Amino acid sequence: MRKKLLIGLTAVAIAGLALTGCSSRAASESADSTVKKGDTIGVALPAKTSQNWVLAKASFEKALKGAGFKSDVQYSASVSDQQNVIQSMVTKGDKVIVIAAQDGSQLGTQVAQAKKAGATVIAWDRNIMNTKNVDYYAAFNNYKVGQLQAQALLDGMKAKKASGPYNIELFAGANTDANASVFFNGAMSVLKPLIDKGELKVPSGQTTFQQVQTDNWDPKNSQTRMTNIITKTYSNGTVLDGVLSPNDTLGRSIITAAQQAGLAVPIVTGQDSETASIPLIMNGTQYSTIYKNTDDEAKAAVELITDLSKGDKKPAGVDFNDKTNAYNGQITVPYKALTPVLVTKDNAVDAYSNNPTLEALAKGAK
Ligand code: GAL
């Protein structure tokens, strides 16, 4: 009897080891993070607060198909929605998850789960904050975007009035968007020295990021704030020379507020080369925008994924030490940057030469 029991227990032990061996093999296979051609790439996009987000889905589907990957591109209108979308991509076993964060400070749990499952996490256009679980960040150089916007503001005001001091007001994007403070810091690196010298004045006194940020990038909020500032500060004949606007959507709302108040439209900056703004740029109502080609930005992420699929540990164009653009509160994320282009009516047709839609709009509005 004892012998039979011993044989039985040994058989169970061997079976257990085999199962463990098998399950650990399965675990190692699922943890194998090497993406290969034909794999599905998850792309989690945020709310469509500006036209570039509307374009992003088609840009990724085209670029991924062209590179031999399948795509699963999904938008989210809220943080919780995007958390669920990312969770579903992890569960599906997507080997790479590209994330344009609705709120980069609220995805720590989701990217930790993605890494645990063996996926590569790529932050796209906007960084993901306060976590080590981000492998790469692909975006336009957003600090440079802010610097270009500030320089355009100065150039536009000088073209209208040869010397200062100039009265300006400041607007920034949503404080839930990691880009918004990067745009603003880039702009203030140009403007603050001139404010300190008294060449620029901010009559409203609103100069900190938190004072000038715009909840959810909602143009209703920026229009209301501009109207309130005009009523309070510019109704006594004080001239408003210029407004730093972080993107076209808010820029158009600021212009509307000035027009509705009967104020001469100030120099207003923007970003995203939205089709609604190009005619305004060409007729001088909006002074400038920034061109960030969405196809190019998607292609940059897909080229990174292709490099990874070849086992390349140092993918092309990745900077491992760009603290200004890619520090996320815990690590400096390996960063693949694209160069933004400043656009005014003087260079619009040339700037859009690789985009027939925008080029035709610029030509047509001349
Ligand atoms: C930013 C993006 C800008 C603009 C803005 C508004 O993160 O980089 O190009 O689209 O969001 O949503």
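Start at 1 and go down the list; that is how both ligands and their atoms are numbered. Note that the numbering runs from 1 along the sequence shown for the chain. Since the structure is predicted, the reported quantities are computational estimates derived from the model, not experimental observations. Reckoned from all heavy atoms, side chains included, excluding hydrogens, waters and symmetry mates.
Contact annotation: for W124 versus ligand 1, there are no heavy atoms closer than 4.0 Å. Contact annotation for W53 and ligand 1: only side-chain heavy atoms (C-beta onward) come within less than 4.0 Å of the ligand.
The distance from ligand 1 to the heavy atoms of S50 drops below 4.0 Å at these ligand atoms: 4 (C), 6 (C), 10 (O), 12 (O). Taking a cut-off of under 4.0 Å to the non-hydrogen atoms of D177, the atoms of ligand 1 that pass are 1 (C), 7 (O), 11 (O). In summary, the atoms of ligand 1 found under 4.0 Å from a heavy atom of N179, numbered by their order in the structure, are 1 (C), 2 (C), 7 (O), 8 (O). Per-residue contacts place K292 under 4.0 angstrom from the following atoms of ligand 1 (heavy atoms of the residue considered): 2 (C), 3 (C), 8 (O), 9 (O). Here is the list of ligand 1 atoms found below 4.0 Å of a heavy atom in N247: 6 (C). Close approach of ligand 1 to F183 is summarised as follows: ligand atoms under 4.0 Å from at least one heavy atom of the residue are 8 (O).
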* To do: Take W124 and F60 through the test ring pair (Phe, Tyr, Trp, His ring centres under 6.0 Å) and record every step on the way to the result.
  => CA-CA 11 Å; W124 187 74; F60 266 108; 4.7 Å; yes

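Judged by distance alone, the side chain of N221 and the main-chain N or O of D215 form a donor-acceptor pair under 3.5 Å.
Interatomic distance, NZ of K201 versus OG1 of T238, reported as 12.0 Å (0.5 Å rounding).
A perpendicular orientation is assigned to the rings of Y352 and Y291, their planes being inclined by more than 60° (bins at 30° and 60°).
Between the side chains of D248 and T289, at least one donor N or O sits under 3.5 Å from an acceptor N or O. Between the side chains of N127 and N328, no donor N or O sits under 3.5 Å from an acceptor N or O.
When only interatomic distances are considered, the shortest N/O to N/O separation between T49 and ligand 1 falls below 3.5 Å. Checking only distances, N52 does come within under 3.5 Å of ligand 1, N or O to N or O.
Residue L170 is tested with V243, L153, L191 for a side-chain contact (heavy atoms from CB on, under 4.5 Å); the sole match is L191.
D272 OD1, 2.6 Å is the protein heavy atom nearest to atom 9 (O) of ligand 1.
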